[in-house]
Amino acid sequence: MLDLRYVVDHIDEVRAALSRRNPQTAASLDAITELAAQRRETISAVERKAAERNNANKEMSKLPKQSPEFIERREKLRIVSDEIKGLEKRKDEIESEISEILLGIPNLPDASTPTGSSEQDNPVIRTWGEKPLFDFEPKAHWDIGPALGIIDFERAAKLSGPRFAVMMGLGARLERALTTFMLDLAREHGYLEVLPPFLVKDTALRGTGQLPKFEQDLFKTRKSEVDESYDLFLIPTAEVPLTNLHANEILESSQLPLAYAAYTPCFRSEAGSYGKDVRGLIRQHQFDKVELVRFCTPEDSPSQHELLTSHAEQVLQRLGLHYRVITLCTGDLGFSANKTYDIEVWLPGLQAYREISSCSNFGDFQARRASIRYRDPQTKKPKLLHTLNGSGLAVGRTVVAVLEQFQCKDGSVRVPDALRPYLGVDRIASR
RNA sequence: GGAGGAGUGGCCGAGUGGUCGAAGGCAGCGGUUUUGAAAACCGCCGUACCGCAAGGUACCGGGGGUUCGAAUCCCUUCUCCUCCGCCA
């Protein structure tokens with residue numbers, strides 16, 4: 001969420017920044033200046049009346065009860081009190097109108113985020129490793145996995161419908177080995193391992209920015225037919241519980257930067273992605289991910305962003321998987337982020353680079369929504385901190401990359417050295 | 001699921017209709033004293049919003065209500081604790 005005061009004071013600048021994302025986004029700003037003025041006036045009016053009432057009440061307390069003067073004043077104050085209630089109601093209406101608008105406005109892109117309208121405009125900033133060469137036609141993982149008996153899409157469909165997979169044998173163990181490997185590496189990089197709840201309240205999703213705008217992307221639960229008040233959401237990413245860990249807190253600056261890593265399954269409805277990535281593990285309703293989240297001071301967030309991205313890259317480097325890093329342009333940038341690097345791994349079966357990690361700086365956007373602050377050592381006052389997160393990595397897509405980049409002519413898959421201690425074998429072959 | 005009890009500032013804890021944004025203690029910060037340290041003493045010590053400022057307003061788990069006036073009374077909801085039941 002953007003700061004109302006900042007938006008009103010810098011309306012042209014904000015409008016210009018939002019237009020870089022999309023010309024339409026800026027239009028939601030139109031009503032805000034007028035509403036902010038109304039809000040001020042109403043608050044002043046409420047407070048003037050309240051001060052009047054409070055003073056009068058102090059005098060009332062000195063008066064003998066049931067004296068004529070007491071009764072007379074009570075009648076007058078009853079009217080004042082009703083006026084205050086009316087004005088407060090008006091104030092609440094204006095404020096909820098404002099926050100409704102503000103909650104729907106995306107973050108301002110950072111100056112270093114390139115302008116562009118789609119993923120075509122995302123510049124590649126670096127590449128690591130090289131495309132593996134094959135003396136045969138490399139297969140896609142949806143052929144490799146089932147052939148090895150380690151991924152079963154058909155039985156998954158029987159259980160849960162499309163966009164699910166069953167991992168079996170070394171497939172299941174590969175998934176678990178990768179997860180453990182990633183968590184161990186994260187710990188090496190100084191992250192505190194966390195195992196959070198996988199179901200969260202709407203307030204948590206509001207804090208990170210998935211709600212109120214993107215409810216259609218989520219799975220929502222209900223405890224029973226009768227209890228409709230119990231609506232928890234399945235987390236779409238561990239970013240949600242991890243970032244909201246410190247919602248409504250004031251941290252000490254000595255605690256920063258904070259770094260958390262968590263493995264969780266992630267659940268996404270993938271509404272609106274019909275016909276996209278319908279085959280294979282790339283786009284599932286449920287997938288495993290190790291997520292890295294950092295909290296830091298505003299001054300530190302650009303360098304923390306680079307650091308976080310390097311941590312995610314090191315997972316791929318240790319596995320020996322070829323990838324490239326791109327900067328998302330304004331047209332492709334997520335709602336809450338001001339800058340994002342996507343790490344794209346090479347998938348020889350698909351002959352394409354595919355996102356395996358997304359590392360974002362959110363500035364104070366999420367911190368304002370979730371009210372996460374730290375005490376500024378200079379001013380001693382609470383101040384919004386900055387949040388960042390990145391996948392380290394999407395485990396399902398890492399399985400895909402391992403299967404495709406390390407596939408052999410005989411249909412087996414070589415296990416990367418770094419993973420052998422975790423998996424216990426050096427090759428995945430059909431039995 | 002049933003029966004009770006409790007939620008007050010960073011922490012502990014007083015407060016049961018007005019003078020309470022809230023006693024007292026601890027922690028923290030600044031100072032006096034001291035060769036230094038400790039102790040003692042003095043002062044400061046929540047957050048947000050409105051306002052150029054002076055100042056004002058709101059907040060005692062959340063929401064709603066009663067009242068001229070609510071931390072205090074009523075309703076509702078959440079969380080925690082104890083006992084019983086059930087359960088991986």
Side-chain angles (χ1 to χ4, degrees), chain A residues 1-9 32-99 102-103 195-207 221-233 241 244-256 258 364 367-385:
Chain A
M1 182 162 65
L2 303 178
D3 178 31
L4 175 64
R5 191 176 280 235
Y6 183 87
V7 171
V8 170
D9 291 348
I32 211 111
T33 312
E34 174 58 25
L35 282 169
Q38 283 179 26
R39 172 177 173 271
R40 278 187 188 196
E41 282 165 30
T42 317
I43 287 176
S44 296
V46 169
E47 295 189 347
R48 233 177 299 127
K49 283 278 175 200
E52 180 187 331
R53 179 202 58 197
N54 290 349
N55 282 328
N57 275 332
K58 254 172 216 161
E59 287 169 30
M60 289 255 332
S61 67
K62 293 176 202 146
L63 254 39
K65 302 231 160 70
Q66 302 309 324
S67 67
E69 207 188 345
F70 183 94
I71 290 165
E72 185 193 326
R73 281 180 173 241
R74 189 173 62 189
E75 292 312 311
K76 276 191 194 158
L77 282 176
R78 185 171 307 180
I79 296 164
V80 174
S81 192
D82 284 344
E83 284 172 349
I84 292 172
K85 276 172 192 161
L87 284 166
E88 269 176 348
K89 198 176 157 219
R90 173 92 186 103
K91 186 197 86 172
D92 289 344
E93 284 165 4
I94 294 169
E95 291 200 324
S96 62
E97 223 174 308
I98 288 172
S99 70
L102 245 28
L103 284 169
L195 183 60
F198 303 158
L199 288 163
V200 295
K201 296 194 275 193
D202 59 345
T203 49
L205 289 151
R206 195 171 272 264
T221 66
R222 220 201 305 174
K223 208 170 174 184
S224 71
E225 281 309 311
V226 280
D227 189 2
E228 292 191 32
S229 63
Y230 187 91
D231 22 66
L232 295 179
F233 292 83
N244 282 286
L245 232 33
H246 292 297
N248 301 311
E249 290 185 15
I250 302 170
L251 304 171
E252 291 307 320
S253 61
S254 57
Q255 293 176 264
L256 301 175
L258 272 171
D364 63 14
R368 185 171 294 105
R369 287 177 161 241
S371 186
I372 312 171
R373 294 171 292 172
Y374 75 105
R375 202 168 288 281
D376 185 287
Q378 247 74 55
T379 63
K380 312 264 191 209
K381 290 286 164 198
K383 192 172 166 185
L384 293 170
L385 48 70

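Chain identifiers are assigned alphabetically (A, B, ...) following the order of the sequence lines, protein sequences preceding nucleic acid strands; residue numbering begins at 1 within each chain. These figures come from a predicted structure and were not determined experimentally.
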In whole Å, I'd like the distance from the [atom1] atom of [X] to the [atom2] atom of [N].
{"X": "Asn55(A)", "N": "G18(B)", "atom1": "CG", "atom2": "C1'", "result": "14 Å"}
{"X": "Glu252(A)", "N": "G10(B)", "atom1": "CD", "atom2": "P", "result": "11 Å"}
{"X": "Ile372(A)", "N": "U47(B)", "atom1": "CD1", "atom2": "P", "result": "18 Å"}
{"X": "Gln38(A)", "N": "C50(B)", "atom1": "CD", "atom2": "P", "result": "15 Å"}
{"X": "Leu251(A)", "N": "G46(B)", "atom1": "CG", "atom2": "P", "result": "19 Å"}
{"X": "Arg368(A)", "N": "C49(B)", "atom1": "CZ", "atom2": "C1'", "result": "15 Å"}
{"X": "Leu232(A)", "N": "C78(B)", "atom1": "CG", "atom2": "C1'", "result": "13 Å"}
{"X": "Glu249(A)", "N": "U47(B)", "atom1": "CD", "atom2": "C1'", "result": "15 Å"}

[N] and [M]: how far apart are their [atom1] atoms, nearest whole angstrom?
{"N": "U79(B)", "M": "G69(B)", "atom1": "C1'", "value": "30 Å"}
{"N": "C59(B)", "M": "G4(B)", "atom1": "C1'", "value": "30 Å"}
{"N": "A27(B)", "M": "C11(B)", "atom1": "P", "value": "16 Å"}
{"N": "A58(B)", "M": "G43(B)", "atom1": "C1'", "value": "28 Å"}
{"N": "A23(B)", "M": "U32(B)", "atom1": "P", "value": "28 Å"}
{"N": "C41(B)", "M": "C81(B)", "atom1": "P", "value": "40 Å"}
{"N": "G9(B)", "M": "G5(B)", "atom1": "C1'", "value": "24 Å"}
{"N": "G55(B)", "M": "C45(B)", "atom1": "P", "value": "14 Å"}

- Query: Do His246(A) and Leu258(A) have side-chain heavy atoms sitting under 4.5 Å apart?
  - Reply: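 With C-beta onward as the side chain, the pair touches.
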- Min side-chain heavy-atom separation Leu4(A)-Ile32(A) under 4.5 Å: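 A side-chain contact under 4.5 Å exists here.
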If the condition is side chain to side chain contact (heavy atoms under 4.5 Å, CB included), which residues does [X] pass it with, not counting sequence neighbours?
{"X": "Pro377(A)", "answer": "Ser253(A), Tyr374(A)"}
{"X": "Ser67(A)", "answer": "Pro64(A), Glu69(A), Phe70(A)"}
{"X": "Pro382(A)", "answer": "Ile250(A), Arg373(A), Arg375(A)"}

- Item | Along RNA chain B (nearest heavy atom to each residue), the more 5'-positioned of Val46(A) and Ser61(A) |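 Looking at the nearest nucleotide for each, Ser61(A) comes out on the 5' side.
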- Message: Between Leu385(A) and Leu251(A), is the side chain to side chain contact (heavy atoms under 4.5 Å, CB included) condition met? List the steps.
- Response: CA-CA 9 Å; Leu385(A) 48 70; Leu251(A) 304 171; 3.7 Å; yes
- Message: Can you give me the dot-bracket string for RNA chain B, 5' to 3', counting Watson-Crick and G-U wobble pairs with both distances under 3.5 Å, using [ ] for crossing pairs and | for partners on another strand?
- Response: ((((((((.[[[..)..(.....]]].(((((.......))))).(((((....))))).[[[[[..)....]]]]])))))))....
- Taking only residues two or more places apart in sequence, or in another chain, which ones meet Glu59(A) in a side-chain hydrogen bond (donor to acceptor under 3.5 Å, both in side chains)?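 Once residues adjacent in sequence are excluded, the partners of Glu59(A) under the side-chain hydrogen bond (donor to acceptor under 3.5 Å, both in side chains) criterion are Arg73(A).
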- Using side-chain hydrogen bond (donor to acceptor under 3.5 Å, both in side chains) as the criterion, list what pairs up with Arg368(A), not counting sequence neighbours.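 Here the qualifying residues are Asp364(A).
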- Return the set of residues passing ring-ring contact (aromatic ring centres under 6.0 Å, His included) with Tyr6(A) (not counting sequence neighbours), or none when no residue passes.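 Result, ring-ring contact (aromatic ring centres under 6.0 Å, His included) vs Tyr6(A): His10(A).
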- Can you find a side chain N or O atom of Lys381(A) that sits less than 4.0 Å from OP1 or OP2 on U47(B)? yes
- Query: Does OP1 or OP2 of C49(B) have a side-chain N or O of Arg5(A) closer than 4.0 Å?
  - Reply: no
Distances for protein N or O near nucleotides 66-70 of chain B N or O, under 3.5 Å:
from	atom 1	to	atom 2	distance (Å)
C68(B)	OP1	Arg78(A)	NE	3.4
C68(B)	OP1	Arg78(A)	NH2	2.4
C68(B)	O4'	Arg74(A)	O	3.4
C68(B)	O2'	Asn57(A)	OD1	3.4
C68(B)	O2	Asn57(A)	OD1	3.0
G69(B)	OP1	Ser81(A)	OG	2.6
G69(B)	O4'	Asn57(A)	ND2	3.3

Just the atom pairs and distances: protein N or O near nucleotides 53-56 of chain B's N or O, under 3.5 Å.
from	atom 1	to	atom 2	distance (Å)
G56(B)	N2	Glu47(A)	OE1	2.9
G56(B)	N2	Glu47(A)	OE2	3.0

Report all side-chain donor-acceptor pairs from residues 33-53 of chain A shorter than 3.5 Å, counting only partners two or more places apart or in another chain.
from	atom 1	to	atom 2	distance (Å)
Glu34(A)	OE2	Gln38(A)	NE2	3.1
Gln38(A)	OE1	Arg90(A)	NH2	3.0
Arg39(A)	NE	Glu95(A)	OE2	2.7
Arg39(A)	NH2	Glu95(A)	OE2	3.4
Thr42(A)	OG1	Gln38(A)	O	2.5
Ser44(A)	OG	Arg40(A)	O	3.1
Lys49(A)	NZ	Glu83(A)	OE1	2.9

- Message: Counting only heavy atoms from other residues, nucleotides and ligands, does the tally under 6.0 Å from NZ of Lys201(A) exceed 12?
- Response: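 No, the 6.0 Å shell around NZ holds no more than 12 heavy atoms from other groups.
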- Residues at least two apart in sequence or cross-chain that pass salt bridge (Lys or Arg N to Asp or Glu O under 4.0 Å) with Glu72(A), listed by chain then number, are Lys76(A)
- Query: Asp376(A): what forms a salt bridge (Lys or Arg N to Asp or Glu O under 4.0 Å) with it, not counting sequence neighbours?
  - Reply: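 Asp376(A) satisfies salt bridge (Lys or Arg N to Asp or Glu O under 4.0 Å) with Lys383(A) once adjacent residues are dropped.
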